[in-house]
Amino acid sequence: MSLFEASGIEDWCRSADQKLKEAFEGAHNRRTVTQMDRRLLHRSAAGRLLAVNVESRIALGRYLCEEIASQLCVNEHGEHESSVFFVTLIPKDGFVGIGVDGVDIGGMRRRLRADLRGLSYLGAFEPGYYASLPSSDGGPGHQAISWHSHLLTWGVADEKIASLIGRLSKTENYQAVIEEFVPVHAEQVASGELPEVIGYLLKPPSHAYRVTRYPWIGRDGEVRLEADGTPRFYVGQRTSNLRKGERVKVFHAMKHLGLEELVVAGGEGRISRTRALQKATKEFECRGRR
């Protein structure tokens, strides 16, 4: 079985596309969807490699998997030989209110390239939809989108990754939606887990997050305090599938973006990214000539 087949990317994409089309018909905010918006989902628009087009995502996902499998020597069981890490970065500039246009993906890409200079990596930016935030965290409307990146990086020692995570965590460039959560994280990918990780990295948005925050009250009924005397809070994050109206909002946040803007790479990954984009573009050009 190929890495692409094992990743489940096509199933992720087909399911998300069907649910989005259902949302276009049944969501409370369906009237915000224009005929031009609907055309972005058509097969005829796939050659533009749009972030919201299912055929675009499947084609690029297939070629990215081919490149990753070749780069990391992945066998038919999804096992790899070299050391691989899964990295998540949440840039401070990626936190925007619902309906806000003009998120600076280009600026976040440049920051990422600068911070990861010298590493080989491949990944993508995606929007995390926060449907409910406490007033202390949410800003206007208490709903927001957190643009963040998931990456694979390889050919680097554990100590260097740990040093990198520590260094980036101390800068002001990265900030989690909730201050108690970490904005920079890395974990090693075990051999055999790569298909699942790739599927998660390249999937279309599918989940919403709801955050609760309330004082930590002990059995004696008293609010527990931090060392500085401020109240200690319990913070929890619940994950659920995107609802119809939420899917429409995420669609509007992504519809102006191409996959070329969202997919990022450095070092050896740059060649893989370029090849995958070229192959996907050529595929649709060939389809168009038939």
Side-chain angles (χ1 to χ4, degrees), residues 8-43 45-46 48 50-58 61 88 90-91 93-105 108 124-150 176-178 181 199-214 235-259 261-262:
I9 291 172
E10 182 165 5
D11 290 340
W12 273 107
C13 291
R14 299 282 181 206
S15 175
D17 182 62
Q18 180 60 38
K19 290 176 180 177
L20 180 58
K21 290 174 179 175
E22 292 172 359
F24 278 6
E25 303 304 323
H28 66 88
N29 53 354
R30 60 187 179 276
R31 289 184 178 83
T32 65
V33 181
T34 67
Q35 287 301 315
M36 186 175 293
D37 288 335
R38 293 174 185 271
R39 286 196 287 270
L40 297 178
L41 273 57
H42 292 176
R43 183 182 293 268
R48 295 162 60 186
L50 300 172
V52 296
N53 188 284
V54 62
E55 300 298 336
S56 298
R57 278 189 168 272
I58 290 172
T88 298
I90 306 176
D93 295 340
F95 186 57
V96 296
I98 299 300
V100 174
D101 295 326
V103 61
D104 188 10
I105 294 292
M108 289 188 285
F125 281 96
E126 72 166 15
Y129 181 83
Y130 280 82
S132 178
L133 288 167
S135 58
S136 59
D137 301 295
H142 311 318
Q143 293 183 342
I145 287 179
S146 173
W147 286 92
H148 57 282
S149 60
H150 295 303
V177 175
I178 306 301
F181 297 169
Y200 182 80
L201 189 155
L202 296 177
K203 68 174 177 59
S206 57
H207 292 94
Y209 307 97
R210 290 169 171 80
V211 177
T212 55
R213 177 192 293 275
Y214 51 85
V235 181
Q237 177 173 286
R238 293 184 296 113
T239 303
S240 63
N241 291 327
L242 286 167
R243 299 171 181 173
K244 290 182 178 179
E246 296 166 351
R247 286 187 184 276
V248 172
K249 291 177 182 179
V250 173
F251 165 81
H252 285 311
M254 297 182 67
K255 66 183 182 182
H256 62 290
L257 294 169
L259 291 171
E261 297 174 81
L262 298 184

Heavy-atom closest pair (A124 atom, L201 atom, distance to 0.1 Å) is N-CD2, 4.2 Å

Using side-chain contact (heavy atoms from CB on, under 4.5 Å) as the criterion, list what pairs up with E55, not counting sequence neighbours.
R14, R43, A46, N53, F284, R287

Could you tell me the separation between the CG atom of D17 and the CD1 atom of I58, rounded to the nearest 0.5 Å?
8.0 Å

How long is the straight-line distance from CG of L41 back to NZ of K21, given to the nearest 0.5 Å?
6.0 Å

Taking every non-hydrogen atom, the tightest pair across R57 and A51:
NE-O, 2.8 Å

Worked verdict on V250 versus L242 for side-chain contact (heavy atoms from CB on, under 4.5 Å):
CA-CA 9 Å; V250 173; L242 286 167; 4.3 Å; yes

Backbone of L50 reached by a side-chain donor or acceptor of S56 within 3.5 Å
yes

Exercise: identify the closest heavy-atom pair between P127 and H148
C-CE1, 4.1 Å

Sequence neighbours left out, what passes ring pair (Phe, Tyr, Trp, His ring centres under 6.0 Å) with F181? Give chain and number order.
none

Does any non-hydrogen side-chain atom of Y129 lie less than 4.5 Å from one of Q143?
yes

Partner residues of S206 under the side chain to side chain donor-acceptor pair (under 3.5 Å) criterion, sequence neighbours left out:
none

Which residues satisfy the side chain to side chain donor-acceptor pair (under 3.5 Å) test with Y209, sequence neighbours excluded?
none

List the residues meeting side-chain contact (heavy atoms from CB on, under 4.5 Å) with N29, not counting sequence neighbours, and say none if there are none.
A27, T32, V248, K249

Would you check if the distance from the ring center of Y130 to the ring center of F95 is below 6.0 Å?
no

Can a side-chain donor-acceptor contact be found between H150 and T88 if the only test is distance below 3.5 angstrom?
yes

If we only count heavy atoms from C-beta on, is the D104 to W147 side-chain gap below 4.5 Å?
no

Residues E25, R38: salt bridge by 4.0 Å N-O rule
yes

Closest heavy-atom pair and its distance - V54, C13
CG2-O, 3.5 Å

Non-neighbouring partners of H42 that pass side-chain contact (heavy atoms from CB on, under 4.5 Å), sequence neighbours left out
R39, S44

Pairs meeting criterion salt bridge (charged side-chain N to carboxylate O under 4.0 Å, His left out) with involvement of residues 199-210, two or more places apart
E126-K203, R210-E246

Only counting residues at least two apart or in another chain, list the ones meeting ring pair (Phe, Tyr, Trp, His ring centres under 6.0 Å) with F125.
none

Please test V235 against T212 for side-chain contact (heavy atoms from CB on, under 4.5 Å), starting from the C-alpha separation and ending with a verdict.
CA-CA 6 Å; V235 181; T212 55; over 6 Å; no

Does R238 have any salt bridge (charged side-chain N to carboxylate O under 4.0 Å, His left out) partners at least two apart in sequence or in another chain, and if so, which?
none

Reported CZ-to-CG distance for the pair F251 and L20, which is rounded to 0.5 angstrom
6.5 Å

Residue pair S146 / I90: nearest heavy atoms and the distance that separates them:
OG-CG2, 3.6 Å

Could you list the residues that satisfy salt bridge (charged side-chain N to carboxylate O under 4.0 Å, His left out) with D93, not counting sequence neighbours?
none

Sorted by chain and number, sequence neighbours left out, side chain to side chain donor-acceptor pair (under 3.5 Å) with E261 holds for none

Partners of K255 by side chain to side chain donor-acceptor pair (under 3.5 Å), sequence neighbours excluded?
D37, H252

Here the gap from K244 atom NZ to H28 atom NE2, rounded to the nearest 0.5 Å, amounts to 11.5 Å

What are the two closest non-hydrogen atoms of R30 and A23, and how far apart are they?
CB-O, 4.1 Å

